[in-house]
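Every value quoted in this text rests on a predicted model; they were computed, and no experiment measured them. Whatever order the structure lists ligands and atoms in, that order sets their numbers, starting from 1.
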Amino acid sequence: MKKKVLTALLCTTMLGSMLMGCGGDNSGSEGSKPDASSAAESVGKENTDEDKTDDSGVITVGFSQVGAESDWRTANSESMKDTFSEANGYELIFDDAQQKQENQITAIRNFIQQEVDYILLAPVTETGWDTVLQEAKDADIPVIIVDRMVNVSDDSLFTTWIGTDSLLEGRKASEWLNAYAEANGIAANELNIVNIQGTIGSTAQIGRSKGLEEGVEKYGWNLLEQQTGEFTQAKGQEVMESMLKQHDNINVVYCENDNEAFGAIDAIEAAGKKVGGDVKNGEIMVISFDTTNAGLTDTLAGKITCDVECNPLHGPRAEELIKKLEAGETVEKLNYVDEEVFTYDDSVKSVTAKNSLDEEADYAVTQITQEILDKRAY
Ligand code: GZL
Ligand code: ZN
């Protein structure tokens with residue numbers, strides 16, 4: 001339902017574009033991803049009282065979700081549904097794209113037709129969004145990108161983004177592996193790694209794979225093979241089975257999410273091998289991402305040795321952005337979420353890594369306990 005009053009919108013758009021201009025947006029270069037340095041701020045619409053009087057005050061939100069491929073995704077969907085509930089004053093139109101971009105594009109066009117107040121998009125992969133986001137912009141519907149990033153020619157095609165730094169997540173995992181090897185007397189060239197990648201072209205896959213590849217380059221590990229497990233347990237198991245047939249010296253499997261790790265563990269154990277951190281005695285170490293409840297349960301049991309957090313609870317964060325925009329306040333273009341690292345043992349207490357803005361920092365590494373696990377929200 002269209003909430004906006006055209007006049008209010010026009011003056012906001014002009015104000016918004018002025019701000020964007022002074023923020024130095026990088027609309028010039030084709031396919032450039034915005035980074036914080038060029039991140040201009042977006043301005044919400046004028047908060048005129050016509051906005052509130054011309055309807056019941058319900059804010060309609062169209063959310064195009066990637067799919068239901070993983071525990072992380074399920075937690076992310078639940079967070080969005082819990083937040084954008086009728087009781088909280090929203091009408092949520094939720095669309096599950098079954099991991100297909102064409103379904104997301106169709107959903108966005110439907111949201112435009114239905115004249116929603118906001119479009120939320122969790123993009124399955126980074127490219128191919130310019131046309132449909134231009135259509136949303138032409139319809140004056142603010143677009144909030146959630147979780148993964150879009151790679152567009154003009155970052156005014158979306159209002160703001162909330163998500164996590166996948167490259168930092170990958171770098172944390174690599175720095176942890178190096179520190180673990182040093183602490184446990186494992187020579188770098190003894191590490192024979194296979195990488196079960198996420199959905200190719202998704203921000204999480206791009207960042208986590210890059211983090212590993214940088215570690216291979218920097219520390220001299222052997223990277224035997226990389227294949228996508230599409231962030232699912234079934235595909236993760238299938239890929240691990242084939243990798244075990246190809247290579248008899250695997251001692252590390254770097255899974256780009258917990259569900260791939262669950263599949264890989266099943267395949268490794270079915271092959272009569274053991275998962276764990278004791279690679280010098282034939283165990284295959286599993287590194288994973290997401291720190292879902294099931295993932296950290298496996299970490300507590302020593303089946304996953306290191307699980308790097310990727311927080312899915314973006315519902316309240318997205319709502320905070322919408323409230324600011326509704327109040328005509330400015331919002332940051334990029335809103336990163338802080339995340340931790342959890343491990344089975346305490347060989348490594350902290351890692352130093354650079355985020356995707358090349359800022360170096362130390363990150364605590366936490367040995368998982370039942371108490372910590374019981375307190376976590378997902
Ligand atoms: C990460 C997110 C990824 C999760 C997977 O930001 O995009 O997608 O790591 C999920 O579990 O499928
Ligand atoms: Zn993440």
Side-chain angles (χ1 to χ4, degrees), residues 33 63-80 96-101 104 120-127 129 144-151 161-174 195-212 228-237 239 254-264 286-296 298-299 304 306-315 317-318 334-342 353 355-357 363 376-378:
K33 259 199 285 187
F63 176 37
S64 170
Q65 176 60 294
V66 168
E69 73 281 1
S70 64
D71 293 26
W72 186 100
R73 188 64 54 194
T74 304
N76 179 251
S77 293
E78 276 165 19
S79 173
M80 305 299 267
D96 172 337
Q98 279 100 42
Q99 296 212 77
K100 292 186 178 64
Q101 180 172 39
Q104 293 199 284
L120 271 57
L121 168 63
V124 58
T125 49
E126 294 200 340
T127 55
W129 301 103
I144 298 176
I145 307 296
V146 174
D147 178 29
R148 302 174 189 175
M149 179 52 87
V150 292
N151 196 339
W161 168 84
I162 176 75
T164 59
D165 190 335
S166 300
L167 177 55
L168 173 59
E169 291 165 356
R171 286 172 171 168
K172 284 177 181 176
S174 276
N195 173 202
I196 304 182
Q197 296 178 291
T199 304
I200 300 298
S202 67
T203 306
Q205 176 273 314
I206 294 167
R208 293 170 191 168
S209 295
K210 185 165 189 282
L212 171 64
T228 182
E230 289 163 10
F231 287 132
T232 67
Q233 180 165 345
K235 189 73 180 166
Q237 178 167 350
V239 167
Y254 180 102
C255 302
E256 294 186 358
N257 85 326
D258 283 339
N259 293 79
E260 293 177 347
F262 306 151
V286 178
I287 295 172
S288 184
F289 296 81
D290 282 358
T291 61
T292 58
N293 187 284
L296 288 176
D298 274 356
T299 308
I304 292 174
C306 176
D307 202 344
V308 178
E309 182 178 13
C310 178
N311 191 292
L313 306 182
H314 292 324
R317 301 170 185 135
L334 304 176
N335 302 277
Y336 285 99
V337 176
D338 293 336
E339 300 169 322
E340 296 188 62
V341 180
F342 293 93
N355 66 16
S356 50
L357 307 179
Y363 297 91
R376 284 179 62 80
Y378 70 95

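Looking at E169 against ligand 1, nothing comes within 4.0 Å, counting heavy atoms.
Under a 4.0 angstrom heavy-atom cut-off, R208 registers as being in contact with ligand 1.
Taking any N or O of S166, backbone or side chain, none lies under 3.5 Å from an N or O belonging to ligand 1. For a threshold of 3.5 Å applied to N or O pairs, the pair formed by W72 and ligand 1 contains no separation below that value. For the pair R148 and ligand 1, the shortest N or O to N or O distance falls below 3.5 Å. Between N259 and ligand 1, not a single N/O pair is under 3.5 Å apart.
The minimum heavy-atom distance between V239 and G229, with the atom names listed, is CG2-CA, 4.5 Å. Summarising the geometry of V286 relative to C255, their closest heavy-atom pair is CG1-SG, 4.3 Å, with the distance given to 0.1 Å.
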Subject >> Check against ring-ring contact (aromatic ring centres under 6.0 Å, His included), F231 and F289 >> reply: CA-CA 10 Å; F231 287 132; F289 296 81; 9.5 Å; no
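With salt bridges taken as basic N to acidic carboxylate O contacts below 4.0 Å, one links E309 and R376. Residues R171 and D165 are not paired through a salt bridge, judged by the lack of any N-O separation under 4.0 Å between the basic side chain and the carboxylate. Looking at R208 and E256, no side-chain N of the basic residue comes within less than 4.0 Å of a carboxylate O on the acidic one, giving no salt bridge.
Numbered from 1 in the order shown, with element, the atoms of ligand 1 that lie under 4.0 Å from a heavy atom of D290 read 4 (C), 5 (C), 9 (O), 11 (O). For ligand 1, the atoms sitting less than 4.0 Å from at least one non-hydrogen atom of E69 are 8 (O), 10 (C), 12 (O), numbered in the order shown with element in parentheses. For ligand 1, the atoms closer than 4.0 angstrom to any heavy atom of C310 are 1 (C), 6 (O). Contact atoms of ligand 1 toward S70: 5 (C), 10 (C), 11 (O), 12 (O) (distance under 4.0 Å to a heavy atom of the residue).
One distance of note links CH2 of W129 with CG of L121; it measures 5.0 Å at 0.5 Å rounding.
Heavy-atom proximity to atom 6 (O) of ligand 1, evaluated over N76, D147, V124, D258, is greatest for D147.
Between the side chains of Y254 and S288, no donor-acceptor pair of N or O atoms lies under 3.5 Å. S77 and Q65 share a donor-acceptor pair across their side chains, judged by distance under 3.5 Å alone.
Within the coordination shell of the Zn ion (ligand 2), defined by N, O or S atoms under 2.8 Å, N311 is absent. Taking backbone and side chain together, E169 holds an N, O or S atom under 2.8 Å from the Zn ion (ligand 2).
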